[in-house]
Amino acid sequence: MIRPTELTAGVCVGLLGRRVRGPHWTGRQLSWVDTTRAGTGAAGPSEPEAHEAGGPGGQLGGSLQLGRMTPLGPRHVATLVLDGRVTGAVPADGGWVIGGDPAFLRRDGRVVGLDLPPCTGIWCDPAGRLWLDTGHALHRVDLGGRVLSVLDGPTDALAWSPDTRTMYRVCDGGLVAHEFDLANGTTGAARPLVSSARGVAVDVDGFAWVAGGNTVRRVDHTGVAYTIVRLADATAVGCCFAGSTLLITTAGGEVHACEPGTTGAPSVRWMGLPGRGRTDAPAFP
């Protein structure tokens, strides 16, 4: 029997926001969203304000926060405020694709709407395609803009193995693993790994890090845990590698961090073509 290594995560103060979600590390830049209402008007540089979100269906607005990793941990650099519902943001060339009410946010703060389904989750696969959770199904957005429903039911998190052959999905059944065809973006049958999960990340060695309860667990392809990261008085709902740092988002909106002794690959940028297909929008600079 394997006895897991036990680690402790501490509160990370470098990721500003009242309800931090969906951090991404591109190898140079760190980005995350604050799903609380951060202001009104056009998107642009601003300091986050302390307003609770409200209204039917969830948040009315939020902000994209930008930062960088330093030897002392994450450091906040800038804030871009957004109207509309904000549930996540995927890095792209020249900006970010915003989840919630889908839009393309340019680096200069301008927003261009995208003709994509409203979504509660947004991810990018190793080929640079978008994946959207609408609450009822998981959709794939091909690089030309075509939107296809791939799997039924809600999806809380997605991640892919380093060899791209496995897609890890957090759903009502916990963490499951699907065989994945990168060329076609298709999935095979689900193989259960962990019965209860909220988020997932994958390290460079192919182990999945599964957030749920007050822990994040490093598990192999059979679901056996090799490392357990414990959080004090917080519930883990997501995790992301920023180099050698594991960032853990919590139900309360704060972030915890630890150095688990391994690294994760940088986030893949969206490689879609916004001027074609259903994303019929002006070309981006």
Side-chain angles (χ1 to χ4, degrees), residues 9-39 43-51 53 59 61-82 86-100 103-111 121-124 157 159 199-204 209 211 216 229 231 234 236-260 262-270:
V11 175
C12 175
V13 298
L15 275 71
L16 298 184
R18 296 187 62 186
R19 294 191 63 83
V20 173
R21 292 289 183 267
H24 285 278
W25 170 244
T26 64
R28 297 184 60 185
Q29 186 178 63
L30 186 65
S31 63
W32 64 97
V33 298
D34 180 5
T35 61
T36 54
R37 182 70 172 176
S46 172
E47 291 298 322
E49 300 174 9
H51 292 296
Q59 291 82 13
S63 61
L64 176 71
Q65 307 279 7
L66 305 179
R68 63 184 182 184
M69 294 299 295
T70 74
L72 298 178
R75 177 182 175 184
H76 176 257
V77 173
T79 297
L80 295 173
V81 176
L82 293 154
V86 178
T87 60
V90 169
D93 287 338
W96 300 266
V97 183
I98 304 300
F104 188 88
L105 172 62
R106 303 189 337 175
R107 292 190 181 277
D108 62 7
R110 293 179 59 192
V111 176
I122 182 170
W123 305 273
C124 196
V200 62
V202 177
D203 64 29
V204 293
W209 293 75
V216 176
V229 180
L231 284 66
V237 297
C239 52
C240 163
F241 277 98
S244 61
T245 301
L246 182 66
L247 301 173
I248 304 165
T249 53
T250 66
E254 69 276 9
V255 179
H256 292 228
C258 74
E259 301 289 330
T262 187
T263 62
S267 297
V268 176
R269 295 177 183 272
W270 178 54

Checking W25 now: which residues fulfil side chain to side chain donor-acceptor pair (under 3.5 Å) with it, not counting sequence neighbours? none
Sequence-distant partners of T245, side chain to side chain donor-acceptor pair (under 3.5 Å), two or more places apart: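 E259.
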Out of curiosity, [X] [atom1] to [Y] [atom2], how far, rounded to the nearest 0.5 Å?
X    : Y    : atom1 : atom2 : answer
L80  : D108 : CG    : CG    : 9.0 Å
S63  : L82  : OG    : CG    : 7.5 Å
W32  : L16  : CH2   : CG    : 6.0 Å
L30  : H76  : CG    : NE2   : 10.5 Å
R107 : L64  : CZ    : CG    : 9.5 Å
S244 : M69  : OG    : CE    : 7.0 Å

Could you pull out the closest heavy-atom pair between [X] and [Y], with the gap in Å?
X    : Y    : value
I248 : A9   : CD1-CB, 3.9 Å
H256 : A234 : NE2-CB, 3.8 Å
C258 : P260 : O-CD, 3.3 Å
C124 : V90  : CB-CG1, 3.7 Å
G67  : Q29  : O-CG, 3.7 Å
P23  : C240 : O-SG, 3.3 Å

Residue pair [X] / [Y], side-chain heavy-atom distance below 4.5 Å:
X    : Y    : result
L66  : T79  : no
L247 : P74  : yes
V200 : C239 : no

Starting from the C-alpha separation in whole Å, work towards a yes-or-no answer on side-chain contact (heavy atoms from CB on, under 4.5 Å) for W96 and R106. CA-CA 7 Å; W96 300 266; R106 303 189 337 175; over 6 Å; no
Checking T70 side chain against L72 main chain: does a donor-acceptor pair fall under 3.5 Å?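 Such a contact is found between T70 side chain and L72 backbone.
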For D34 and R19, indicate whether the former's side chain and the latter's backbone hold a donor-acceptor pair under 3.5 Å. yes
Show, in sequence, the C-alpha distance, side-chain angles and deciding distance for E254 and V20, and conclude whether the side-chain contact (heavy atoms from CB on, under 4.5 Å) test is met. CA-CA 6 Å; E254 69 276 9; V20 173; over 6 Å; no
Going through the checks in order, is the side-chain contact (heavy atoms from CB on, under 4.5 Å) test met by V204 and T262? CA-CA 8 Å; V204 293; T262 187; 4.2 Å; yes
With W209, which residues qualify under ring pair (Phe, Tyr, Trp, His ring centres under 6.0 Å), at least two apart?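 By the ring pair (Phe, Tyr, Trp, His ring centres under 6.0 Å) rule, W209 matches F241.
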Pair L231, T250 - check side-chain contact (heavy atoms from CB on, under 4.5 Å), show working. CA-CA 9 Å; L231 284 66; T250 66; 3.7 Å; yes
